[in-house]
4 protein chains.
Amino acid sequence: MSGINKVILVGHLGKDPEVRHLDGGVTVASFPLATSETYNKDGKRVEQTEWHNIVLWRGLAEVASKYLQKGKLVYIEGKLRTRSFEDKEKVKKYVTEIVAENFTMLGRKSDFEQSPTTPTHQSAEAKIEDEFTIGPSDENGDLPF
Amino acid sequence: MSGINKVILVGHLGKDPEVRHLDGGVTVASFPLATSETYNKDGKRVEQTEWHNIVLWRGLAEVASKYLQKGKLVYIEGKLRTRSFEDKEKVKKYVTEIVAENFTMLGRKSDFEQSPTTPTHQSAEAKIEDEFTIGPSDENGDLPF
Amino acid sequence: MSGINKVILVGHLGKDPEVRHLDGGVTVASFPLATSETYNKDGKRVEQTEWHNIVLWRGLAEVASKYLQKGKLVYIEGKLRTRSFEDKEKVKKYVTEIVAENFTMLGRKSDFEQSPTTPTHQSAEAKIEDEFTIGPSDENGDLPF
Amino acid sequence: MSGINKVILVGHLGKDPEVRHLDGGVTVASFPLATSETYNKDGKRVEQTEWHNIVLWRGLAEVASKYLQKGKLVYIEGKLRTRSFEDKEKVKKYVTEIVAENFTMLGRKSDFEQSPTTPTHQSAEAKIEDEFTIGPSDENGDLPF
DNA sequence: TTTT
DNA sequence: TTTT
């Protein structure tokens, strides 16, 4: 009956968003995001980087493809979803993704110069669209990330 | 350009939601929420309770008034907002509230029996409404909590 | 230089925690956690359950093994980590886990009856510093901000 | 019995941290933090800024006083606490603060030049346990989940 | 594959 | 009182 599934990330895009238009006109975007943590190990600074698979649907995908690029710092809020797919050898595999529910660009304005009206917190439309996330992703279980 | 203002609470309602209908038909609900923390002090268990002022607008207010009651356990996500108002003696005071963006009822199903279709995660409509939060709250700076 | 990798879950344990003691005396516990989301699809209520692999280390693993059991409702905070391993056929696989940083048991007290001194916010050593927070602030109620 | 009280903020310091040393040697630091939200109102871009009172204790206060300054962008995680105090006229007042539990500096390295070894996720003692997480998991890459 |  |  109840549950909370929430992910909060701040990190840099490893690549430009990759955008796809599914049958029916639904837009989906995805990109890898790196979150780095620095800690001390035996007096030395060690950096540990974790890579996350970010997926965005519909309006949020479109906004992301417009404003986000490789290297940008971004705050992302979303939920975890693990889905299975078959690789080229027909082996069943699992991948865990973060389905974004909203995002906010961080850092200097100059980082986002190409956007004349930089949106801050993509909310309204993007969140509505998200409600339909389950349908399209089911139809498209073999979506390559 | 950027900013995140997010609050996540799990706690029990201290009272039933209090519902008001503003001019223009906007619904606003509010209630106190208690979050308790237990810690050790000199070998003794001490419970520390913190009270939060929760405010919900429009669709979210209506759902809350239907499904939430005093004593229920609830997950609330929202943002902080501090606003000023004048008390009866015309003294300017400040109050910090959590403007809910969504909520989820936790605990046993029997706790929510009165609801035939218990909603889990109020999202769509509720989030849209939230976009207009600033207007009504400005019109109503003297809203008693 | 910077990064945030945070997961917040509220869900039910799918199994009792499985505890292992590594060489060197380190304790590690793990269990699957289900988070459910209910939404409307074509006017019907659909429940979507997501399973998460939770891993806990050291003190947190020990507390978890003592107080958590299959079916219990729990709040978990942690971070995402994807690691690779070889399966029985020597095929390299990936799994994404949530490394817990603290947890709190939710639900009725009776759910945790076996624990005479139900801890609220379990994070073992990690939270010791935090536990003394109240003292100084009490001594200093007039702290000018 | 249970409760979660968590605040997540990303914003800019409005002032340098103000540091105090209490009797007993406890360090406490505080500063105002601004989180800004931009939204559309009647086709115009409106910026709404919220100010938060951040308080840090002990080790975290010391790290903050060393590395944070007015204008810096920072991620802060903490909990809400409302406390009462008497103002100069002996009137009882309330103030809601965010007691920081850890913070991470965001933005360009040049923003933190004065720190030769910029720490990433500062939470002093509170995170020591966490720092050794990586070791054991590496030793145990084949940990069956 | 990012960033510092 | 910050930032874009």
Side-chain angles (χ1 to χ4, degrees), chain A residues 9-18 30-39 44-54 67-76 98 103-121 145, chain B residues 1-5 82 94, chain C residues 1-5 82 94 144-145, chain D residues 9-18 30-39 44-54 67-76 98 103-122:
Chain A
L9 302 172
V10 176
H12 294 91
L13 280 81
K15 295 183 186 173
D16 285 352
E18 188 181 310
S30 60
F31 56 81
L33 187 84
T35 58
S36 302
E37 190 182 358
T38 313
Y39 62 95
K44 274 178 280 182
R45 221 124 251 281
V46 181
E47 184 173 282
Q48 173 89 351
T49 296
E50 191 66 36
W51 287 96
H52 309 273
N53 301 321
I54 311 297
Y67 298 118
L68 298 181
Q69 295 95 32
K70 177 175 174 173
K72 295 313 178 213
L73 182 66
V74 69
Y75 167 96
I76 292 178
I98 289 92
F103 70 84
T104 300
M105 294 166 287
L106 301 174
R108 300 294 177 79
K109 180 139 194 190
S110 57
D111 289 353
F112 301 102
E113 274 172 349
Q114 51 279 74
S115 74
T117 54
T118 309
T120 295
H121 205 70
F145 188 76
Chain B
M1 188 196 85
S2 62
I4 300 300
N5 172 358
T82 299
Y94 293 87
Chain C
M1 189 196 86
S2 62
I4 299 299
N5 173 357
T82 299
Y94 293 87
F145 188 75
Chain D
L9 304 173
V10 176
H12 293 91
L13 280 80
K15 294 184 186 173
D16 285 351
E18 187 181 311
S30 60
F31 56 81
L33 187 84
T35 57
S36 301
E37 191 181 0
T38 313
Y39 63 96
K44 275 179 278 180
R45 217 118 257 279
V46 181
E47 184 174 282
Q48 173 89 351
T49 296
E50 191 66 38
W51 287 96
H52 310 273
N53 301 320
I54 311 296
Y67 297 117
L68 299 181
Q69 295 94 33
K70 177 175 173 172
K72 296 312 178 215
L73 183 65
V74 69
Y75 168 95
I76 292 178
I98 288 94
F103 70 84
T104 298
M105 294 166 287
L106 301 174
R108 300 295 175 79
K109 181 143 194 186
S110 58
D111 288 352
F112 301 102
E113 275 173 349
Q114 48 282 72
S115 73
T117 54
T118 310
T120 294
H121 206 69
Q122 286 305 337

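First the proteins, then the strands, lettered A, B, ... as listed; each starts at 1.
- Of the candidate nucleotides dT3(F), dT1(F), dT2(E), dT3(F) has the atom lying nearest to any side-chain atom of Glu47(D).
- Residue ring and nucleobase are stacked for Trp51(A) and dT1(E), with a centre distance beneath 5.5 angstrom and an angle between planes beneath 30°.
- With hydrogens and angles ignored, the 3.5 Å screen pairs a side-chain donor or acceptor of Asp16(D) with a backbone N or O of Lys70(D).
- Rounded to an integer number of Å, the gap from Met105(A) CE to dT2(E) P is 21 Å.
- Among the heavy atoms of the strands, none lies under 4.0 Å from Thr35(D).
- Rounded to whole Å, the distance from CG on Asp16(D) to P on dT2(F) is 12 Å.
- Counting any heavy atom pair closer than 4.0 Å across all strands shown, Gly11(D) reaches no nucleic acid atom.
- Put simply, CD on Glu50(D) is 16 Å from P on dT2(F), counting in whole angstrom units.
- Residues Leu68(A) and Phe31(A) have side chains in contact (heavy-atom distance under 4.5 Å, counting atoms from C-beta outward).
- For the pair Ile98(A) and Asn53(A), the minimum side-chain heavy-atom distance is 4.5 Å or more.
- Summarising the geometry, the separation between NZ on Lys15(A) and P on dT3(E) is reported as 14 Å, rounded to the nearest angstrom.
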task: Could you check Gln69(A) against Leu13(A) for side chain to side chain contact (heavy atoms under 4.5 Å, CB included), going step by step and ending with a plain yes or no?
output: CA-CA 7 Å; Gln69(A) 295 95 32; Leu13(A) 280 81; 5.9 Å; no
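- The NE2 atom of His52(D) sits 15 Å away from the P atom of dT2(F) (whole-angstrom rounding).
- Ile54(A) has its CD1 atom 13 Å from the C1' atom of dT1(E), to the nearest Å.
- When each of dT2(F), dT3(E), dT1(F) is scored by its nearest atom to the side-chain atoms of His12(A), the top-ranked nucleotide is dT3(E).
- Note: CG (Leu73(A)) to P (dT2(E)) measures 15 Å, nearest angstrom.
- Counting only heavy atoms from C-beta on, Pro32(A) has its side chain closest to dT1(E) among dT2(F), dT2(E), dT1(E).
- Here the side chain of Asn5(B) pairs no donor or acceptor atom with the backbone of Thr35(D) at under 3.5 angstrom.
- Rounded to whole Å, the distance from CG on Asn53(A) to C1' on dT1(E) is 11 Å.
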